[in-house]
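Here is the structure we will look at.
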Number of protein chains: 2
Amino acid sequence: MTRETLRSAARASAPTFSPLYRQIKDFLIGCLERGEWRPGDVIPSEGELAQRFNVSQGTVRKAIDEMAAENLLVRRQGKGTFVSTHSDPRAYYRFLRLMPNDGIAVPSVSEPFYCQVVDAPPEVAAVFGLAPGGAVVHIKRLLRFGGEKVVFDQIFLQAEFFPGLTLELLRAGERSLYSLLESDFGVRMISAEEHLRAVAADEECAALLGVQCGEPLLLVERTAYTYGNRPVEWRKGLYCTRNHYYRNELG
Amino acid sequence: MTRETLRSAARASAPTFSPLYRQIKDFLIGCLERGEWRPGDVIPSEGELAQRFNVSQGTVRKAIDEMAAENLLVRRQGKGTFVSTHSDPRAYYRFLRLMPNDGIAVPSVSEPFYCQVVDAPPEVAAVFGLAPGGAVVHIKRLLRFGGEKVVFDQIFLQAEFFPGLTLELLRAGERSLYSLLESDFGVRMISAEEHLRAVAADEECAALLGVQCGEPLLLVERTAYTYGNRPVEWRKGLYCTRNHYYRNELG
DNA sequence: AAGTGGTCTAGACCACCGT
DNA sequence: CGGTGGTCTAGACCACTTG
């Protein structure tokens, strides 16, 4: 593929100016989407990509810079550039913002106890753009921090993307849910949006979390997206915030 | 100032390697801290800065790129690079994550009703690193969205930085609190950390927000920082999340 | 037309990692 | 040592804004 190929493709598909590094970035994202490079893999070096596209190293560099800023790639000096992965223990809790009040981090343990394919509730169908009653996997689990029951999660996934996802599979191994979805089903979560509210505990979750019925809980609704901002997960978490808080940084 | 000045300064102060663009960034941040360029001002052009430091445009560019990514500067093609400001209406709600359930944005109105210099409560003194009982300004206010009472804020500021801050001043004009603190006291908020919990409404805030005593509310504690990660504000907000939610994006 | 930021190049050298 | 990412240059040209 030559530089001219890139330029002409841009002009053909859109009259708006698209810089070279943007086109290269789009190409790299395409490789990730199509699974040509899998999570944890090294991608070709900057020099090699520059040759392949007939551009200078700096142009490839700018494309990779942006993708690294978006957590799609990870640079490691002297080694190469790698596809981000949830299987890296350092990324296990990338999306979990819960912190203990006293600041002392303790290991968290996930205890899934329910996993069934069900008709999508209307709210979930709307998020996924499914027909009402489309098939989704419904997971319920408890998260413990140092033994203490802190979070009750209800997770919904589009069933067609996760055939054979069972409670046994969820319970096997130490990896995080996103790590499992990534390695066993090829679906990678890259961003998410959360909506937070305060609610009163109902009977079910009061029993599960071991709190009084009516106790204030933090309700966290999350929509998670894969490449191309396609929603693939919706979840509803109830957090007991007696000994923990949800941490957020504003820039 | 020459390139050699930059290099030798780096070697003298620290044995660790510090790239040129880093040193230039530090210099630019210093200018902002010392108030040499004020919010809303244009800073010198990339070419001029490159000449001044005896480096190439690309090096200056990288320094400015990072600062733009941190919201310290704003680039405007064809016009120049500007110091970020809370006085820009587009930045009024930079730190406010509250959204209406129905997605229809309505204007918010701040109603401060209390402003006194008081001894710092222990929690606040700890955040500011003040001696117990140090002087802080204590502000109470209500935030309304389309007339509806939604947030009860209690705000604490280090008194020494804000002499003459009164209820009248807070009530005057349309600008946001951070815009006022920036233009009238020269203190600019650049980042913040929030801790969220669910709590039950006590009598005071139930009355203020017009909800039942015991109703679940979202408790948002914020520490806001100015240049150099110096904390200058601590606030405690109680959000009624019946018709609104706290929105957060995870990357 | 002049001035600004935005893109791109070709090549150099440095810092880091593995063998 | 060779290969990788990280820094830096000097200069070119493009895109946008303003006078």
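Computation of the quantities below employed the complete heavy-atom set of this structure, encompassing side-chain atoms and omitting hydrogens, waters and symmetry-equivalent molecules. Throughout, a chain's letter reflects where its sequence line sits, starting with A, and its residues are numbered from 1.
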Sequence neighbours excluded, which residues qualify as salt bridge (Lys or Arg N to Asp or Glu O under 4.0 Å) partners of [X]?
X	result
A/R75	A/E46, A/D65
A/R222	A/E194
B/E160	none
A/R247	A/E249, B/E193

Whole angstroms only, please: what is the [atom1]-[atom2] distance between [X] and [N]?
X	N	atom1	atom2	result
A/F53	C/dT7	CZ	P	18 Å
A/R61	D/dT4	CZ	C1'	11 Å
A/Q51	C/dT9	CD	C1'	15 Å
A/E66	C/dT7	CD	P	8 Å
A/I64	D/dG6	CD1	C1'	12 Å
B/L73	C/dG5	CG	P	11 Å
A/K25	C/dC8	NZ	P	13 Å
B/N54	D/dC8	CG	C1'	13 Å

Pairs: protein N or O with nucleotides 11-13 of chain C N or O, under 3.5 Å:
none

*Classify the nucleic acid contact of A/R76 as base, sugar-phosphate or nothing, counting any heavy atom under 4.0 Å across all strands shown.*
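Sugar-phosphate: the residue A/R76, judged by heavy atoms under 4.0 Å, touches backbone atoms but no base.
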_Residues touching DNA chain C, which here means a heavy atom under 4.0 Å, drawn from residues 78-89 of chain A_ =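 DNA chain C contact set from residues 78-89 of chain A: A/G78, A/K79.
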*Do B/Y246 and A/R197 meet the criterion of a side-chain donor-acceptor pair at a distance under 3.5 Å?*
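There is no such pair between these side chains.
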Taking the side chain of [X] as its heavy atoms from C-beta onward, which of [options] lies nearest to it?
X	options	value
B/Y21	C/dG5, D/dT9, D/dT7	D/dT7
A/S56	C/dG6, D/dT7, C/dC8	C/dC8
A/L20	D/dC8, C/dT9, C/dG6	C/dT9
A/Q77	C/dT9, C/dG6, D/dG5	D/dG5

*By a strict heavy-atom criterion of less than 4.0 Å, which residues belonging to residues 39-47 of chain A are in contact with DNA chain D?*
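When residues 39-47 of chain A is checked for heavy atoms under 4.0 Å from DNA chain D, the hits, listed by number, are A/S45, A/E46.
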*asked:* Per the ring-ring contact (aromatic ring centres under 6.0 Å, His included) rule, what does the pair list look like for residues 170-193 of chain B, sequence neighbours excluded?
replied: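 ring-ring contact (aromatic ring centres under 6.0 Å, His included) check on residues 170-193 of chain B returns B/H86-B/Y178, B/F95-B/Y178, B/F162-B/F185.
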*Do any pairs count as a salt bridge (charged side-chain N to carboxylate O under 4.0 Å, His left out) and have a residue in residues 89-110 of chain A, sequence neighbours left out, and if so which ones?*
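Checked against salt bridge (charged side-chain N to carboxylate O under 4.0 Å, His left out) - neighbours excluded - the pairs reaching residues 89-110 of chain A are A/D88-A/R90.
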*Heavy atoms, side chains only, cut-off 4.5 Å: are B/E182 and B/S87 in contact?*
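Side chain of B/E182 against side chain of B/S87, heavy atoms only: contact under 4.5 Å found.
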*Please list, chain by chain and in numerical order, all residues satisfying side chain to side chain contact (heavy atoms under 4.5 Å, CB included) with A/K25, sequence neighbours excluded.*
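Partners of A/K25 under the side chain to side chain contact (heavy atoms under 4.5 Å, CB included) test: A/R22, A/I29, A/A63, A/E66, A/M67, A/E70.
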*Quick one: ring pair (Phe, Tyr, Trp, His ring centres under 6.0 Å) partners of B/F128, sequence neighbours excluded?*
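With neighbours one apart ignored, the set is empty.
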*asked:* Run the ring pair (Phe, Tyr, Trp, His ring centres under 6.0 Å) test against B/F145 and tell me which residues pass, sequence neighbours left out.
replied: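 B/F145: ring pair (Phe, Tyr, Trp, His ring centres under 6.0 Å) contacts with B/H244.
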*Gap separating the CG atom of B/D26 from the CD atom of B/E33, nearest 0.5 angstrom*: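 Nearest 0.5 Å value for the CG-CD distance: 10.0 Å.
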